[in-house]
Engineer: 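Structure in structure tokens, see below.
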Amino acid sequence: MTLSMNSLRDGYTALVAGASGAIGQAFVHHLQRDPRCAQVIECSRRSDPPIELDNESSLVRYAQAVTAQAPLHLVIDATGALSIDGHGPEKRLEDLHAVRLQRAMMINAIGPALLLQQLQPLLASGERVIWAKLSARVGSIEDNQKGGWYGYRASKAALNMLLQTTAIELARRRPLAVLAALQPGTVRSALSAPFVGEAALDPLQSVAGLLAALDGLAPSGRAHFIDYRGKAIPW
């Protein structure tokens, strides 16, 4: 399947953070095959230089290193963690652990916000740009029907607030910018394997839907929260 981001300029530059993961690799796969995309920049803990979400200095160094490849037109942040330090999501209040909660916030909310802080100046100005970050439906406060998964839910909810607040500010500088929180569905990956095994979406299928949805989003001065079918999710 060949997808094209027709809403972006011909010859656009894309950057995928978390490119070593299953969903990140699926984004790279599709974007490299888009005839409108001039280059896809991959970054992860394995890139040179690497990015480490719990190491702000690494994010500063990476932004400095990639400046020569700017401007960026599409940034996909596919980073995140469900299990923290070998521990899965908490099912009960009694399972909460202060250090693991802090780590969840760092990896799923604070680190991505600092990455956005560092790369935002490299976004193209005066034309359409898209910043998309993997979030999760469980980060929706309104949609929380089952409880549990305390740290993951809370960190994704915090991420969503950081994205929404950034979208309001970013619109003043780049009124054509689109910022989106993405729910990829339950995708086959190392992150989901302990919980769903193989009973999940193929990453390429999920990402194809996400890219098509992103291509159709309009700049509104607010962040979008959508799933891989393009359907809006309540914040």
Engineer: Quick one: pull up CD in Q69 and CG in L15 and give me the separation to the nearest 0.5 Å.
Structural biologist: 8.0 Å
Engineer: Which heavy atom of N108 sits nearest a heavy atom of S155, and at what distance?
Structural biologist: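 Closest pair (atom of N108, atom of S155, distance): ND2-OG, 3.2 Å.
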Engineer: For G18, does its backbone N or O pair with a side-chain atom of T79 as donor and acceptor, under 3.5 Å?
Structural biologist: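 Checked: no pair found.
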Engineer: Are the side chain of S47 and the backbone N or O of S44 linked by a donor-acceptor pair below 3.5 Å?
Structural biologist: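 Answer holds: yes.
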Engineer: Less than 4.5 Å apart, any side-chain heavy atom of I41 and any of V16?
Structural biologist: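 A side-chain contact under 4.5 Å is absent here.
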Engineer: Restricting to non-hydrogen atoms, name the atom on Y62 and the atom on P49 that form the minimum distance, rounded to 0.1 Å.
Structural biologist: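 Closest approach of Y62 to P49, heavy atoms only: CD1-O, 3.3 Å.
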Engineer: With distance as the sole test, does E142 use its side chain to make a donor-acceptor pair with the main-chain N or O of P234 at under 3.5 Å?
Structural biologist: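 It does not hold such a pair.
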Engineer: Can you name the closest pair of heavy atoms from A167 and R222 and give their distance?
Structural biologist: CB-C, 3.7 Å
Engineer: Side chains of K231 and I226: does their closest heavy-atom pair fall under 4.5 Å?
Structural biologist: no
Engineer: Distance check, rounded to the nearest 0.5 Å: I110 atom CD1 versus Q117 atom CD?
Structural biologist: 12.0 Å
Engineer: Do V66 and L114 belong to the same hydrophobic cluster, where Ile, Leu, Val, Met, Phe, Trp and Tyr are linked whenever their side-chain heavy atoms lie under 4.5 Å apart, directly or via other members?
Structural biologist: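 Yes, V66 connects to L114 through the hydrophobic network.
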Engineer: Please test E169 against R173 for side-chain contact (heavy atoms from CB on, under 4.5 Å), starting from the C-alpha separation and ending with a verdict.
Structural biologist: CA-CA 7 Å; E169 179 180 352; R173 306 176 188 178; 2.4 Å; yes
Engineer: Who pairs with S4 by side-chain contact (heavy atoms from CB on, under 4.5 Å), at least two apart in sequence or on another chain?
Structural biologist: N6, D34, P35, R36
Engineer: Quick one: does any side-chain atom of H73 pair with a main-chain N or O of T13 as donor and acceptor, under 3.5 Å?
Structural biologist: yes
Engineer: Between P71 and L123, is any pair of side-chain heavy atoms under 4.5 Å apart?
Structural biologist: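 Side chain of P71 against side chain of L123, heavy atoms only: no contact under 4.5 Å found.
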Engineer: Under the 3.5 angstrom rule, does the side chain of R174 hit a backbone N or O of A124 as a donor-acceptor pair?
Structural biologist: yes
Engineer: Does R46 reach the main-chain N or O of S20 with its side chain, forming a donor-acceptor pair under 3.5 Å?
Structural biologist: no
Engineer: Do the non-hydrogen side-chain atoms of L101 and L96 ever get within less than 4.5 Å of each other?
Structural biologist: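 Yes. Closest side-chain heavy atoms under 4.5 Å.
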Engineer: Which of these passes side chain to side chain contact (heavy atoms under 4.5 Å, CB included) with L179: T166, V129, L217?
Structural biologist: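 In the set T166, V129, L217, the residue that makes a side chain to side chain contact (heavy atoms under 4.5 Å, CB included) with L179 is T166.
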Engineer: Flag yes if L211 and V187 sit in one hydrophobic cluster, no otherwise; membership is Ile, Leu, Val, Met, Phe, Trp, Tyr, and two members link when side-chain heavy atoms are under 4.5 Å apart.
Structural biologist: yes
Engineer: How many angstroms lie between atom CD of E90 and atom CD1 of I84, to the nearest 0.5 angstrom?
Structural biologist: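 Going from CD on E90 over to CD1 on I84, the span is 8.5 Å.
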Engineer: Set out, in order, the CA-CA distance, both residues' side-chain angles and the distance that settles side-chain contact (heavy atoms from CB on, under 4.5 Å) for V178 and W131, then state yes or no.
Structural biologist: CA-CA 6 Å; V178 170; W131 185 288; over 6 Å; no
Engineer: Tell me, yes or no, whether the heavy-atom count around M105 atom CE, taken from other residues, nucleotides or ligands under 6.0 Å, exceeds 12.
Structural biologist: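 Atom CE in M105 is crowded, with more than 12 foreign heavy atoms closer than 6.0 Å.
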Engineer: To the nearest 0.5 Å, what is the distance between CZ on R100 and CD1 on I107?
Structural biologist: 14.5 Å
Engineer: At what distance, to the nearest 0.5 angstrom, does CZ of R137 lie from CD of Q183?
Structural biologist: 5.0 Å
Engineer: Looking only at heavy atoms, which two atoms of P203 and A22 are closest? And how far apart?
Structural biologist: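 It is CB-O, 3.8 Å.
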Engineer: Can you check side-chain contact (heavy atoms from CB on, under 4.5 Å) on L182 and K133, steps first, answer last?
Structural biologist: CA-CA 6 Å; L182 306 178; K133 171 71 184 88; over 6 Å; no
Engineer: Would a single hydrophobic cluster contain both L163 and L170, if residues Ile, Leu, Val, Met, Phe, Trp and Tyr are joined by side-chain heavy-atom contacts under 4.5 Å?
Structural biologist: yes
Engineer: Is there a path of hydrophobic side-chain contacts, each under 4.5 Å between heavy atoms, that joins L134 and M161?
Structural biologist: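 No, L134 and M161 fall in different hydrophobic clusters.
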Engineer: Does V40 share a hydrophobic cluster with L119, counting links as ILVMFWY side-chain heavy atoms below 4.5 Å and allowing steps through other members?
Structural biologist: no
Engineer: Any idea which heavy atoms bring D215 and L8 closest together, and the distance?
Structural biologist: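 For D215 and L8, the tightest heavy-atom pair comes out as OD1-N, 4.5 Å.
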Engineer: Rounded to the nearest 0.5 Å, how far apart are CH2 of W235 and NE2 of H224?
Structural biologist: 9.0 Å
Engineer: Can you confirm whether E56 is buried at CD, in the sense that more than 12 heavy atoms of other residues, nucleotides or ligands lie under 6.0 Å from that atom?
Structural biologist: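 Counting other residues, nucleotides and ligands, CD of E56 stays at 12 neighbours or fewer.
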Engineer: Is it true that atom CD1 of I168 has more than 12 heavy atoms of other residues, nucleotides or ligands lying nearer than 6.0 Å?
Structural biologist: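 Yes - once you tally the heavy atoms of other residues, nucleotides and ligands closer than 6.0 Å, there are more than 12.
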Engineer: Side-chain contact test, heavy atoms from C-beta onward, threshold under 4.5 Å: evaluate it for L201 versus Y228 and give yes or no.
Structural biologist: yes
Engineer: Run the numbers on L210 and I76 for side-chain contact (heavy atoms from CB on, under 4.5 Å), then give the verdict.
Structural biologist: CA-CA 11 Å; L210 290 172; I76 304 289; over 6 Å; no
Engineer: State, yes or no, whether a side-chain contact exists between L31 and V28 at a heavy-atom distance under 4.5 Å.
Structural biologist: no
Engineer: Within the side chain of T67, is there an N or O that forms a donor-acceptor pair under 3.5 Å with the backbone of A63?
Structural biologist: yes
Engineer: With no hydrogens and no angle check, is any side-chain donor or acceptor of Q118 less than 3.5 Å from a backbone partner on L59?
Structural biologist: no
Engineer: Of all the heavy-atom pairs spanning P219 and P175, show the shortest one and how long it is.
Structural biologist: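 Smallest interatomic distance, heavy atoms only, reads CB-O, 3.5 Å.
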Engineer: Side-chain contact test, heavy atoms from C-beta onward, threshold under 4.5 Å: evaluate it for P184 versus V207 and give yes or no.
Structural biologist: no
Engineer: When you compare the side chain of Y150 with that of P89, does any pair of heavy atoms fall below 4.5 Å?
Structural biologist: no
Engineer: Short question: side chain of D95, backbone of R92 - any donor-acceptor pair under 3.5 Å?
Structural biologist: yes
